[in-house]
Amino acid sequence: MASNNLSLILLTLTPFLFLLLAPQTQATQAQPAASGTANLTATLELGGQYTTFIRLLNETQQIIQIQSQLNTTTQGFTVFAPTDNAFQTLTSGAINGLTVDQKVKLILYHITPKYYTLTDLLTVSNPVSTEASWGLNFTGHGNQVNVSTGVVETALNNAVREQFPLAVYEVDKVLLPLELFGAKSPKSAPSPKSSKTSPAEIPSPAATEADAAQSPSHSKNGAAGMNVGLGMVIGLGLICMGAMS
Ligand SMILES: *[C@@H]1O[C@H](CO)[C@@H](O)[C@H](O)[C@H]1NC(C)=O
Ligand SMILES: *[C@@H]1O[C@H](CO)[C@@H](O)[C@H](O)[C@H]1NC(C)=O
Ligand SMILES: *[C@@H]1O[C@H](CO)[C@@H](O)[C@H](O)[C@H]1NC(C)=O
Ligand SMILES: *[C@@H]1O[C@H](CO)[C@@H](O)[C@H](O)[C@H]1NC(C)=O
Ligand SMILES: *[C@@H]1O[C@H](CO)[C@@H](O)[C@H](O)[C@H]1NC(C)=O
């Protein structure tokens with residue numbers, strides 16, 4: 001009986017509860033940077049031609065980092081999204097040869113922790129900080145903005161999204177940082193010839209690190225030297241003992 005009465009009361013009150021809640025719901029939706037308004041993955045997926053970039057963002061777990069920061073940012077983010085074509089023109093070892101840490105840095109080099117419109121980028125002061133340790137340079141030519149890493153330069157053609165807190169601009173080249181690709185660029189510059197060589201033949205930062213890892217041969221020599229020294233001491237001791245007896 002009592003529960004029936006309660007249900008009745010709730011039923012009669014329900015429309016009023018909605019009335020009470022409705023203005024609050026509208027208020028939260030009106031805030032431009034309200035959480036969930038910018039979805040990086042969804043924005044890139046809508047573009048349709050950034051599947052490699054999405055895969056790398058996901059594989060390096062950076063999508064989680066950036067998306068959670070997008071939910072709370074006051075500065076916003078700008079993302080330079082290389083097309084699938086851009087990745088395809090790289091030599092086959094260029095990305096696969098990177099260590100996990102280098103892949104993370106390469107991806108973060110495509111993201112600035114600040115929202116820029118194309119108009120902002122026409123006159124921004126260089127270098128512009130990225131989420132990696134290195135900056136990007138932007139040059140304006142009339143209405144055209146070019147971005148440069150020191151290894152590659154390309155034009156920002158297409159604004160996939162230009163609305164705070166997230167700007168996404170398409171680039172038709174992967175933004176290769178000078179710090180990862182600079183020294184090797186003469187050898188691994190994309191050319192029809194080098195794209196046919198096997199990944200193993202292409203010098204990669206990973207290979208350089210492996211070379212460096214082999215350098216402890218010095219310490220092995222050191223240990224060997226110590227053994228010789230110890231042998232001589234023991235030998236001398238034996239000779240002395242022999243001389244004494
Ligand atoms: C963002 O979009 C992706 C792909 O459309 C979806 O899987 C994901 O759930 C969305 N994330 C949020 C927080 O809405
Ligand atoms: C993202 O990466 C996880 C593993 O880290 C994988 O299980 C998942 O399928 C990936 N998602 C996409 C959309 O690539
Ligand atoms: C971002 O906010 C949306 C909506 O509030 C939420 O669903 C999502 O889980 C949040 N994403 C992260 C990575 O915090
Ligand atoms: C970027 O611009 C700064 C300042 O103009 C300059 O010092 C630096 O060498 C430039 N870097 C690249 C990679 O072009
Ligand atoms: C901008 O970059 C493109 C390469 O994508 C180049 O062809 C063009 O000359 C550059 N523009 C200027 C004014 O340097």
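This chain uses plain numbering: 1 for the first residue, then up along the sequence. Keep in mind the model is a prediction, meaning the values are calculated, not measured. Values below: all heavy atoms of this structure, side chains included; hydrogens, waters and symmetry mates excluded. Read the numbers this way: they start at 1 and go in the same order the structure lists the ligands and their atoms.
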(request) Could you walk me through whether L44 and L57 pass side chain to side chain contact (heavy atoms under 4.5 Å, CB included), step by step? (result) CA-CA 11 Å; L44 290 170; L57 269 169; 3.7 Å; yes
(request) Give yes if a backbone or side-chain nitrogen or oxygen of N58 is under 3.5 Å from a nitrogen or oxygen of ligand 2, and no if not. (result) yes
(request) Treat each ILVMFWY residue as a node, draw an edge where side-chain heavy atoms are under 4.5 Å apart, and state whether L178 and I95 are in one component. (result) yes
(request) Look up atom 2 (O) of ligand 5 and tell me if a protein heavy atom lies less than 4.0 Å from it? (result) yes
(message) Less than 4.0 Å from atom 5 (O) of ligand 5, is there any heavy atom belonging to the protein?
(response) yes
(request) Check the surroundings of atom CG in N126: do more than 12 heavy atoms from other residues, nucleotides or ligands lie under 6.0 Å from it? (result) yes
(request) Return yes or no for this condition: an N or O of T41 is under 3.5 Å from an N or O of ligand 1. (result) no
(message) Between F181 and Y109 (judged by ring centroids, cut-off 6.0 Å), do the two rings come close enough to count as a pair?
(response) no
(request) Mind checking whether Q67 contacts ligand 1 via backbone (N, CA, C, O), side chain (CB onward), both or neither, at a 4.0 Å heavy-atom cut-off? (result) neither
(message) Under a plain distance cut-off of 3.5 Å, with no hydrogens placed, do D172 and T154 share a side-chain donor-acceptor pair?
(response) yes
(message) Test of understanding: given a 4.0 Å heavy-atom threshold, classify the contact between N146 and ligand 5 as side chain, backbone, both, or neither.
(response) side chain
(message) Going by a strict under-4.0 Å cutoff (protein heavy atoms only), does atom 9 (O) of ligand 2 have a neighbour on the protein?
(response) no
(request) Classify the angle between the aromatic ring planes of Y115 and F164 as parallel (below 30°), tilted (30 to 60°) or perpendicular (above 60°). (result) perpendicular
